[in-house]
Amino acid sequence: MTSSEPKTKSSSVTSDDTDRNNRKPPSNFIRHLIEQDLASGKHGGRVQTRFPPEPNGYLHIGHAKSICLNFSLAEDYGGHCNLRFDDTNPAKESQEFVDSIKENISWLGFQWHGEVRYASNYFEPLYQFALELIEAGKAYVCSLSPHQAREHRGTLTEPGIDSPDRDRPVAENRVMFERMRQGEFADGEYSLRAMIDMASPNINMRDPVLYRIRHIEHHQTGNKWCIYPTYDYTHCISDAIENITHSLCTLEFGDHRPLYNWILQSLGLESLRQASDLVDSDIQYVLPEQTEFAKLRINYTMGGKRNLKDMVETGVVQGWDDPRMNTLAGMRRRGYTPESIRNFCEMAGVARNEGVVDISMLEHCIREDLDRKAPRVMCVLNPLKVTLADIEKGQVTQLEMAAHPKNEAMGKRSVPFTREIYIDRNDFEEVPPPGFKRLIPGGEVRLRGAYVVRCNEVLKDEQGKVVELICSVDKDTLGKRPEGRKVKGVIHWVSVSEGLPVSVRLYDRLFDAENPEAKSITDYRDCLNPSSLVELQQCIAEPSVANTATAVGFQFEREGYFCIDQADSMNERLVFNRTITLRDSWGTANK
RNA sequence: UGGGGUGUAGCCAAGUGGUAAGGCACAAGGUUUUGAUCCUUGCAUGCGUUGGUUCGAAUCCAGCCACCCCAGCCA
């Protein structure tokens, strides 16, 4: 995978940037909130956001929504967006994921503010703050095992009961917590808990665990620590340290907001300010506020990280970057452009309603972007040989064709025309259905960019399979209409001798079911689309594809948008991935 | 049956008391040497539901219904 820096955008996308700048982003409740806060001067007029992934997997399209939201908001309101790895659970995390996440964000075209942050950067201040909570009588070391703690927690409808260690004296808590850090205890033997309310109707407030013991190496801090802070404890303080103003997260964290606020208020504004990036500044220091929005869900896909991981590990797909995966790595390999994904996220919107976006919206976005950017080229997917009887053997004529029908700036290409060519088998029918306007016996069709031809003879093998067509050429139709008749059909073609043999992978949606993760489906494997990948080895492309290999993608005329698979394209043979088909009113009308 | 959320067209989504934006999808026309693109037109007498307040309600109030999330020392 080659990396693409956000700074070095190709010049061909300048018009997109203009479009982007001219387009007013759709209004949503978070923008309203920020505008209100800006108007009231709540955060000293600042907007500071952050994207806080846990490095425990690859980023997918759902993350893209959060990335676009956080980075765009910061940009639009003159603020900054940090990248912060929420790396508090080393058992599940790794450097591999850190690297891929950074790469994906850059590829999307976003630039985080300053250095990459890690929650693990704050382990020491986090520890000191825990000591403060202990001193304030707001946290205690608990000896309950995870199992016992669960029993003490109560249920959704019944209150929990206090830990026997809730009354442990402050001095003892301090010593015990220090001993936890020193590694004197085994995993799970003790934990540090906030002292809130075991009878709270909000289970997150029933003395949540702040620190747990894990004798395990961390990808950033090595073996320096054997106690690790939990998400709830870490996230709010990390936000406070980084002076985040608007801490955006998904809906399921709504129940955690009271805890987020409890921790920050318990520590106090001044104490947090002392640890924050703003400690030496006169900028007004204000506590961050959490706001929740609905996750992005798309039908015919799975969003769960667990399931994505499972697909990779059990070989359902060929890796995190399999072009059928809705990971950013997979979509990139499939041929999705950053602009199309960003536009999609904007189009789908931000709200608190848990909707499911139709995948056709995503498909629309990539078609729209590629229609503008992709040079046109011809490639025959299922070759059928055609001999043009009135063209001389061995003669090669270079026909000049536009690279793009509407954008002359994209230039021209030479397409060799010869006596023997290939057309697609689907473009010929002996017994055509009503409305068919391609080639039929005795009928005429336009060869795209070339002549009108007539099919005079159909050659078959012993099994009755059509193996070759003999056609005549109307030589007075190059660049002009035929005299006295109309020829409606236009088909694509490639020279037999000059064409380039290539492989083409036709990708389709991975699942047949609208929601592969629905409760009614016991195993997502039961609704896999058996033809999500069809590999064609016998395709023939016009030779110019070899010189244009740097293009974002190609349109194979009348077929769809394709990109070169960088991983599998050997020098002697190119492999193309189909990003998306063209819209096809003929195909859909005939189903 | 505790707590937290959400209900506007097939889907996403604006709307914040003055008479239902926009996009996707779909349908019908037009242009076209891609059955593509592009253009034009159509697509909610009604905003989960029942009442109430008001000259006026998707917007305010009350009740009801449906769906989602929470009992990790995961995030």
Side-chain angles (χ1 to χ4, degrees), chain A residues 26-29 32 52-54 56 86-89 91-93 142 144-146 149-150 153-160 187-188 190-193 200-206 208-214 227-228 230-232 234-235 249-258 292 294 296 298-299 305 344 346-365 367-368 371-372 376 378 401 404-406 435-438 446-450 452 477 479-481 487-492 555-560 581-590:
Chain A
S27 117
N28 63 50
F29 79 100
H32 281 297
E54 184 189 15
N56 69 344
D86 221 329
D87 56 348
T88 57
N89 185 7
K92 294 184 175 180
E93 300 157 6
C142 178
L144 255 29
S145 69
R150 193 180 319 131
R153 191 153 35 233
T155 69
L156 294 178
T157 51
E158 298 161 311
D187 288 5
Y190 288 97
S191 65
L192 183 74
R193 296 226 257 161
S200 171
N202 182 345
I203 293 183
N204 296 116
M205 299 299 269
R206 320 241 259 231
V209 169
L210 268 24
Y211 268 92
R212 69 286 219 196
I213 299 172
R214 291 282 180 278
I227 56 172
Y228 292 99
T230 56
Y231 163 83
D232 284 310
T234 308
H235 204 90
C249 62
T250 45
L251 251 27
E252 70 270 26
F253 292 98
D255 288 343
H256 296 240
R257 193 170 60 215
E292 311 87 24
L296 173 64
I298 305 174
N299 57 13
K305 244 188 198 178
F344 168 72
E346 189 165 276
M347 209 181 252
V350 179
R352 289 179 65 90
N353 185 29
E354 292 186 295
V356 180
V357 176
D358 197 304
I359 191 148
S360 67
M361 206 189 275
L362 214 208
E363 296 176 341
H364 164 82
C365 289
R367 285 192 183 107
E368 180 185 55
D371 174 54
R372 218 163 40 204
R376 314 285 127 125
M378 293 191 286
M401 294 175 66
H404 191 285
K406 292 184 175 175
F436 189 77
K437 55 183 203 190
R438 281 111 95 153
R446 159 80 64 183
L447 294 179
R448 169 119 244 227
V452 169
T477 54
K480 54 166 111 156
R481 303 194 169 171
V487 174
K488 268 198 164 181
V490 180
I491 65 174
H492 56 103
Q555 184 194 103
F556 287 178
E557 289 195 90
R558 304 207 313 124
E559 293 287 358
T581 59
L582 251 33
R583 279 186 76 228
D584 180 10
S585 57
W586 167 249
T588 50
N590 281 272

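We name chains A, B, ... by the order of the sequence lines, and we start the count at 1 in each one. Worth knowing before you read on, the calculation uses all heavy atoms, side chains too, and leaves out hydrogens, waters and symmetry mates.
If you check distances only, the side chain of A/Gln555 does reach the base of B/rU34 with a donor-acceptor pair under 3.5 Å. Residue side chain A/Arg446 reaches the base of B/rU33 through a donor-acceptor N/O pair under 3.5 Å, judged by distance alone.
For RNA chain B, if you chain together Watson-Crick or G-U pairs that step i with j, i+1 with j-1 and so on, the runs of at least three with distances under 3.5 Å are B:2-7 with B:65-70, B:10-12 with B:22-24, B:26-30 with B:38-42, B:48-52 with B:60-64.
Within 4.0 Å of A/Phe436, counting heavy atoms only, lies at least one base atom of the nucleic acid. Within the nucleic acid shown, A/Val452 has no heavy atom closer than 4.0 Å to any nucleic acid atom. A/Arg448 comes within 4.0 angstrom of a base, heavy atoms only. Base engagement by A/Lys406 is indicated by at least one non-hydrogen atom pair under 4.0 Å involving a base atom. Nucleic acid contact class of A/Ala450 (heavy atoms, under 4.0 Å, all strands): base. Contact annotation for A/Gly355: backbone-only contact, meaning every heavy-atom pair under 4.0 Å involves sugar-phosphate atoms and none involves a base. Heavy atoms of A/Gly435 sit under 4.0 angstrom from at least one base atom. A/Val356 comes within contact range of the sugar-phosphate backbone alone, with a heavy-atom separation under 4.0 Å but no base atom that close. Using a 4.0 Å heavy-atom cutoff across all strands shown, A/Lys488 reaches no nucleic acid atom at all. Among the atoms of the strands shown, base atoms are found under 4.0 Å from some heavy atom of A/Gly479.
When distances are taken from the side chain of A/Arg583 to each of B/rU37, B/rU16, B/rG5, the shortest belongs to B/rU37. Taking the side chain of A/Pro405 as heavy atoms from C-beta on, and the options B/rA25, B/rG35, B/rU34, the nearest nucleotide is B/rU34. You'll find that the side chain of A/Ser360 is closest to B/rA25, out of B/rG15, B/rA25, B/rC12. Comparing B/rG35, B/rA14, B/rC68 by their closest approach to the side chain of A/Glu354 singles out B/rC68. The listed nucleotides are B/rG35, B/rU8, B/rG2; the one nearest the side chain of A/Asn353 is B/rU8. Ranking B/rG35, B/rG2, B/rG15 by closeness to the A/Ser27 side chain, first place goes to B/rG15. Nearest nucleotide to the A/Thr157 side chain, out of B/rA71, B/rC12, B/rU1: B/rU1.
Annotated as anti: B/rG56, whose O4'-C1'-N torsion sits more than 90° from 0.
In this structure a side-chain-to-backbone donor-acceptor pair under 3.5 Å is present from A/Arg206 to A/Ser200. Remark: the backbone N or O of A/Asp371 is not paired with any side-chain donor or acceptor of A/Arg367 at under 3.5 angstrom. Using modelled atom types, no side-chain atom of A/Asn353 and backbone atom of A/Ala294 make a donor-acceptor pair closer than 3.5 Å. No side-chain donor-acceptor contact under 3.5 Å links A/Arg448 to the backbone of A/Met378.
Between the NZ atom in A/Lys488 and the CZ atom in A/Arg446 there is a gap of 15.5 Å [rounded to 0.5 Å]. Summarising the geometry, atom CG belonging to A/Asp358 is positioned 4.5 Å from atom CG belonging to A/Asn299; distances are rounded to the nearest 0.5 Å. In this structure, OH on A/Tyr231 lies 6.5 Å from CG on A/Asp86, to the nearest 0.5 angstrom. Note that the CZ atom of A/Phe344 and the CD1 atom of A/Ile359 stand 8.0 Å from one another [nearest 0.5 Å]. The distance from atom NE2 of A/His256 to atom NE2 of A/His235, rounded to the nearest 0.5 Å, is 11.5 Å. Remark: A/Arg438 CZ to A/Trp586 CH2 distance equals 7.0 Å, nearest 0.5 Å.
When rounded to the nearest whole Å, the span between CZ of A/Arg438 and P of B/rU33 equals 18 Å. As a whole-Å value, the separation of A/Met347 CE from B/rC11 P is 18 Å. Regarding A/Leu362, its CG atom lies at a distance of 13 Å from the C1' atom of B/rC11, rounded to whole Å. Whole-Å rounding puts the A/Asp255 CG to B/rU6 P distance at 12 Å. When the P atom of B/rA71 is taken as reference, atom CZ of A/Arg193 falls 15 Å away, rounded to whole Å. Put simply, CG on A/Leu582 is 7 Å from C1' on B/rU34, counting in whole angstrom units. Between A/His32 atom NE2 and B/rA14 atom P the separation is 8 Å, expressed in whole Å. Following rounding to the nearest Å, A/Leu251 (CG) and B/rG5 (C1') show an atom-to-atom distance of 6 Å.
Phosphate contact (OP1/OP2 of B/rU34, side-chain N/O of A/His492, threshold under 4.0 Å): absent.
A donor-acceptor contact closer than 3.5 angstrom links the side chains of A/Thr155 and A/Glu158.
Projected onto RNA chain B by closest heavy-atom contact, A/Asp358 and A/Val490 fall at different nucleotides, the more 5' of which corresponds to A/Asp358. Heavy-atom nearest nucleotides on RNA chain B were determined for A/Arg257 and for A/Arg376, and the one closer to the 5' end corresponds to A/Arg257.
Only the P atoms considered, B/rA9 is 15 Å distant from B/rG22, to the nearest whole Å. B/rG46 and B/rA57: their C1' atoms are spaced 12 Å apart (whole Å). Between B/rU50 and B/rU40, the two C1' atoms lie 43 Å apart (nearest whole Å). Across the P atoms, B/rC26 and B/rG17 are found 37 Å apart, a figure rounded to whole Å. Separating the P atom of B/rU8 from that of B/rU59 is a span of 14 Å, rounded to the nearest Å.
Side-chain contact check for A/Arg153 versus A/Ile203: some heavy-atom pair is nearer than 4.5 Å.
Qualifying side-chain hydrogen bond (donor to acceptor under 3.5 Å, both in side chains) partners for A/Arg212, counting only residues two or more places apart in sequence or in other chains: none.
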Give me, pair by pair, the N or O atoms of the protein and of nucleotides 73-75 of chain B that are less than 3.5 Å apart, along with how far apart they are.
unit_1	atom_1	unit_2	atom_2	d
B/rC73	OP1	A/Arg153	NH1	3.2
B/rC73	OP1	A/Arg153	NH2	3.3
B/rC73	OP2	A/Arg153	NH1	3.4
B/rC73	O2'	A/Arg214	NH2	2.8
B/rC73	N4	A/Leu144	O	2.4
B/rC73	N4	A/Gly188	O	3.4
B/rC74	OP1	A/Arg214	NH2	3.2
B/rC74	OP2	A/Arg212	NE	3.2
B/rC74	OP2	A/Arg212	NH2	2.8
B/rC74	O3'	A/Arg212	NH2	3.1
B/rC74	O2'	A/Asn89	ND2	2.9
B/rA75	OP1	A/Thr88	OG1	2.5
B/rA75	OP1	A/Arg212	NH1	3.4
B/rA75	OP1	A/Arg212	NH2	2.9
B/rA75	OP2	A/Tyr231	N	3.0
B/rA75	O3'	A/Asp86	OD2	3.4
B/rA75	N6	A/His256	NE2	3.3

